[in-house]
Structures are given as C-alpha cells and as structure tokens.
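Please read the structure below before turning to the comments.
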There are 2 protein chains.
Amino acid sequence: MKVHELARSEQVSAATIRHYVRVGLLQPRKGSNGYHVFAEPEQRRLRFIRQARGLGFTLEDIQTILQDAEKGQSPCPTVRQLIEPRLQQAREKLEAMQALVERMENAVASWQEQPDCQPCGDHICLLIEGSDHTEQNRGGDASHE
Amino acid sequence: MKVHELARSEQVSAATIRHYVRVGLLQPRKGSNGYHVFAEPEQRRLRFIRQARGLGFTLEDIQTILQDAEKGQSPCPTVRQLIEPRLQQAREKLEAMQALVERMENAVASWQEQPDCQPCGDHICLLIEGSDHTEQNRGGDASHE
DNA sequence: TGTTGACCTGAGAGTAAGGCTCAGGTTTAT
DNA sequence: ATAAACCTGAGCCTTACTCTCAGGTCAACA
C-alpha cells in the first residue's frame with residue numbers, strides 16, 4: 001500500500017499519514033524506489049492512532065502508548081494514567097466553550113436592539129465595550145427584552 | 001507606563017502586550033531610551049482588545065475593527081459581520097468538545113471493569129480498540145457491562 | 001563609584017496537529 | 001514519448017501566545 005491508498009482505506013488525508021511518518025508514529029518500510037510501503041501492521045497502527053485521537057490522546061501520548069506495547073509491556077496502565085489529565089483538560093475546554101458561546105449569543109442578541117455607534121473618541125465600538133455579556137448581566141428586570 | 005505596569009493594571013502578561021506590539025495591535029510611542037511608552041489611548045486600546053477576545057474575535061478580526069475605527073468609520077457593521085462565522089465556529093467546537101468529553105467519560109467508565117490486556121500481537125491496547133465509546137454503544141441490552 | 005537586580009528591547013524559536021507547497025523522481029496509461 | 005498522477009523529504013504556515021536570548025537601561029545600595 002502506498003500513502004494515498006492507505007489514506008483512502010482509513011479515511012484520513014495523505015497529509016496526515018505523511019505527518020505521522022514524519023513524527024515517527026508510523027514507520028513504513030521503504031521499497032527500492034524510495035516509496036513507503038504500508039503493510040497490515042502499519043494499517044492497524046494507523047487505525048489505533050485514529051481511535052486514540054478520538055479519545056482525546058495527543059500524538060505524544062500515543063507515541064508513549066505504542067512504545068509500551070513495543071517493549072512487550074501492557075500499555076493499559078499508561079493509558080489509564082494518561083487519560084485523566086486529558087479528560088480534565090477536555091472538561092475545562094468544554095466549560096470555556098460553553099461560556100464563550102453564551103457570551104457571544106448574549107452579545108448578538110443585545111446588539112439587535114443597539115444602533116451602530118459613531119466614532120467619537122470616547123470609545124472604539126460600543127457594541128463590544130457596551131456590556132460584559134455575562135449571564136448575570138442579562139437576567140435582570142428587563143421587561144421587553 | 002512601561003510594559004509591566006500596563007500589564008499589571010490590565011491583568012495581562014507582559015508577554016501578551018509585547019505580542020500585541022509585535023503584531024501591530026498596539027503602537028506605543030518610544031522614549032529616548034528605546035522603551036515603549038503606553039499612555040491612556042493605548043491602555044484603552046488594550047482593554048478593547050481584551051474585551052473583543054472575550055467575545056471570540058481573533059486578533060486579525062480585532063485588527064480589522066480597529067482599522068475601521070481609525071479611518072473614522074463606525075466599526076459596528078464589521079463587528080456584526082465578523083461575529084457570525086466566529087459564533088458558528090464556536091458552536092461547532094462546543095459540540096465537538098461535548099462529544100469528546102462524552103466519549104472519554106464512557107471510555108473511562110467502561111475501563112473500570114476491564115482488566116489490563118496483555119500484548120498478544122492481535123491488538124495494541126484493547127481498552128482503546130475495544131469499543132467505539134459512542135452514546136449508541138452504551139444504551140444497549142448489555143446486562144453485565 | 002561599582003555593582004546588583006529588576007527591568008527593557010527585538011528577534012527567534014516552540015507549542016498541536018496537521019495543511020500546503022516546493023523541486024525533483026517514479027509510475028502508469030495513452 | 002509524453003502527460004497525468006503519484007511519490008519523496010524538507011520547509012514554512014496556521015493561533016495566540018510563551019519562552020529564551022543577547023545586549024541595553026535604570027534605581028538603589030555599599
């Protein structure tokens with residue numbers, strides 16, 4: 001199998017495969033013409049990498065896991081260890097994204113009733129500077145919002 | 001005001017301010033000693049940048065917005081235009097993060113009952129390869145999962 | 001006056017996970 | 001024979017910073 005064939009069979013871009021080769025995650029043999037040759041072990045490896053990425057592991061994590069397995073050790077303890085901080089980070093990022101989307105939606109909503117501001121030297125853009133668009137600032141006594 | 005003073009007064013790192021100077025978002029005067037001098041307009045500008053960042057605008061967006069304002073135009077139309085794709089992207093990222101956290105939590109939960117796998121050549125790590133950890137795969141008729 | 005420590009500068013590289021582009025080589029089909 | 005389609009390694013691009021570097025400045029203290 002060549003790069004594009006593997007790419008198609010595993011639904012990833014050829015660029016991604018080249019990237020994995022570059023960083024050492026995949027180590028295909030090389031044919032006499034210099035082309036990479038991907039056989040079944042490499043294909044399984046790629047599938048594994050994609051599954052691990054889908055669970056939030058970084059390429060470096062995956063490198064570590066694969067190295068465990070290559071040394072004949074069970075990679076499971078490493079896997080159980082590594083996922084904890086990743087999950088923690090993912091939760092934090094999720095919360096940050098929730099807060100961001102909320103701020104943005106609040107902003108867009110409140111902007112519907114605000115006219116465009118004119119330059120005056122006191123502000124740059126009142127839409128942005130106008131309020132902080134947090135939750136608390138929008139549950140108030142507004143009666144016609 | 002020098003970099004660290006501005007940094008403290010606006011709760012950002014000095015490195016961030018230097019970065020904004022580097023990319024042209026802030027253009028402080030320079031004293032005879034070569035040091036940057038931040039006066040009130042620059043301070044307001046920084047505050048604006050931070051507020052805009054908090055609403056999900058990229059530094060490039062902010063550059064555009066500030067340039068509008070400098071040309072004496074109202075930046076509001078640009079602001080209304082730019083936030084749409086940003087909001088769209090933020091929602092997509094949010095959904096991706098929700099799905100990711102869910103997959104990760106499902107995985108961690110199911111791993112509690114799974115023993116560490118031993119290397120056998122058929123798999124790299126059964127924890128990761130074992131199932132796809134999606135929602136559908138976990139509401140089924142499994143009685144001892 | 002010398003020196004220390006805290007600050008300043010621009011420039012360059014690093015981060016994550018690829019994407020894109022380049023010049024040059026290979027293979028396949030017409 | 002030649003053109004299309006593929007291959008290679010290498011290097012730069014993305015985001016919004018962060019870190020490090022070498023060298024310059026400044027205030028205080030001995």
Side-chain angles (χ1 to χ4, degrees), chain A residues 1-38 42 45-46 48-66 82 85-86 89-90 92-93 96-97 100, chain B residues 1-38 42 45-46 48-66 82 85-86 89-90 92-93 96-97 100:
Chain A
M1 268 192 160
K2 284 179 284 185
V3 168
H4 277 266
E5 293 165 355
L6 179 60
R8 265 188 294 276
S9 88
E10 296 297 323
Q11 314 263 45
V12 288
S13 75
T16 295
I17 293 177
R18 291 228 173 81
H19 180 64
Y20 293 166
V21 172
R22 178 147 39 169
V23 301
L25 273 171
L26 292 176
Q27 287 148 307
R29 288 189 303 108
K30 299 195 63 170
S32 52
N33 52 8
Y35 286 18
H36 294 309
V37 180
F38 299 90
E42 293 301 322
R45 214 171 152 93
L46 173 58
F48 178 80
I49 294 168
R50 291 272 102 195
Q51 285 172 339
R53 289 283 299 126
L55 284 175
F57 291 102
T58 68
L59 295 188
E60 206 182 342
D61 291 343
I62 297 169
Q63 194 65 283
T64 304
I65 294 166
L66 286 170
L82 285 175
R86 299 294 167 241
Q89 289 155 10
E92 281 163 19
K93 201 161 182 176
M97 288 310 298
L100 173 61
Chain B
M1 270 193 155
K2 284 179 286 185
V3 167
H4 276 265
E5 293 166 355
L6 179 60
R8 266 189 294 275
S9 89
E10 297 297 323
Q11 315 263 44
V12 288
S13 75
T16 296
I17 294 178
R18 293 229 171 79
H19 180 62
Y20 291 167
V21 172
R22 179 149 34 171
V23 300
L25 272 171
L26 292 177
Q27 287 147 306
R29 287 189 304 105
K30 300 196 64 170
S32 52
N33 53 10
Y35 287 16
H36 294 310
V37 180
F38 298 90
E42 292 302 322
R45 215 173 151 93
L46 174 58
F48 179 80
I49 293 168
R50 292 272 102 193
Q51 286 173 339
R53 289 284 298 126
L55 284 175
F57 292 101
T58 67
L59 294 188
E60 204 182 344
D61 291 343
I62 298 170
Q63 194 65 282
T64 305
I65 294 166
L66 286 170
L82 285 175
R86 299 295 167 242
Q89 289 155 10
E92 282 164 15
K93 202 162 181 176
M97 288 310 299
L100 173 60

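Order of the sequence lines sets the chain letters (A, B, ...), proteins ahead of strands, with each chain counted from 1. Quantities reported herein were computed from a predicted structural model and do not represent experimental measurements.
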Need one value for A:Arg8: base, sugar-phosphate or nothing, where a base atom within 4.0 Å counts as base even if backbone is also close, heavy atoms only.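 Answer is nothing: A:Arg8 stays at 4.0 Å or more from every strand.
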
If you look at every strand shown and take non-hydrogen atoms under 4.0 Å, does A:Val23 touch a base, only sugar-phosphate, or nothing?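 No contact at all - A:Val23 keeps every heavy atom at 4.0 Å or more from the nucleic acid.
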
Within the pair [X] and [N], is there a side-chain N or O less than 4.0 Å away from OP1 or OP2?
X	N	result
B:Arg18	C:dG12	no
B:His36	C:dT9	yes
B:Lys30	D:dT25	no
B:Thr16	D:dA16	no
A:Arg50	C:dG18	yes
B:Tyr20	D:dC17	yes
B:Ser13	D:dT18	yes
A:Asn33	D:dT8	no

Is a donor-acceptor pair below 3.5 Å formed from side chain A:Arg53 to base C:dG18, judging by atom type as modelled?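 Not at all, since no donor on one side and acceptor on the other fall under 3.5 Å apart.
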
[N] [atom2] sits how many Å from [X] [atom1], rounded?
X	N	atom1	atom2	value
B:His19	C:dA11	NE2	C1'	14 Å
B:Arg22	D:dT15	CZ	P	15 Å
B:Leu59	D:dT15	CG	P	9 Å
B:Ile49	D:dC17	CD1	C1'	13 Å
A:Lys93	D:dA16	NZ	P	13 Å
A:Leu25	C:dA16	CG	C1'	13 Å

Do A:Leu26 and A:Ile49 make a side-chain contact, defined as non-hydrogen atoms from C-beta onward lying under 4.5 Å apart?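 When only atoms from C-beta onward are counted, A:Ile49 and A:Leu26 do touch, with a gap below 4.5 Å.
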
Assign each of B:Ala15 and B:Glu60 to its nearest nucleotide of DNA chain D by heavy atoms, then name whichever residue's nucleotide is nearer the 5' end.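 By nearest-heavy-atom nucleotide position, the 5'-most residue is B:Glu60.
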
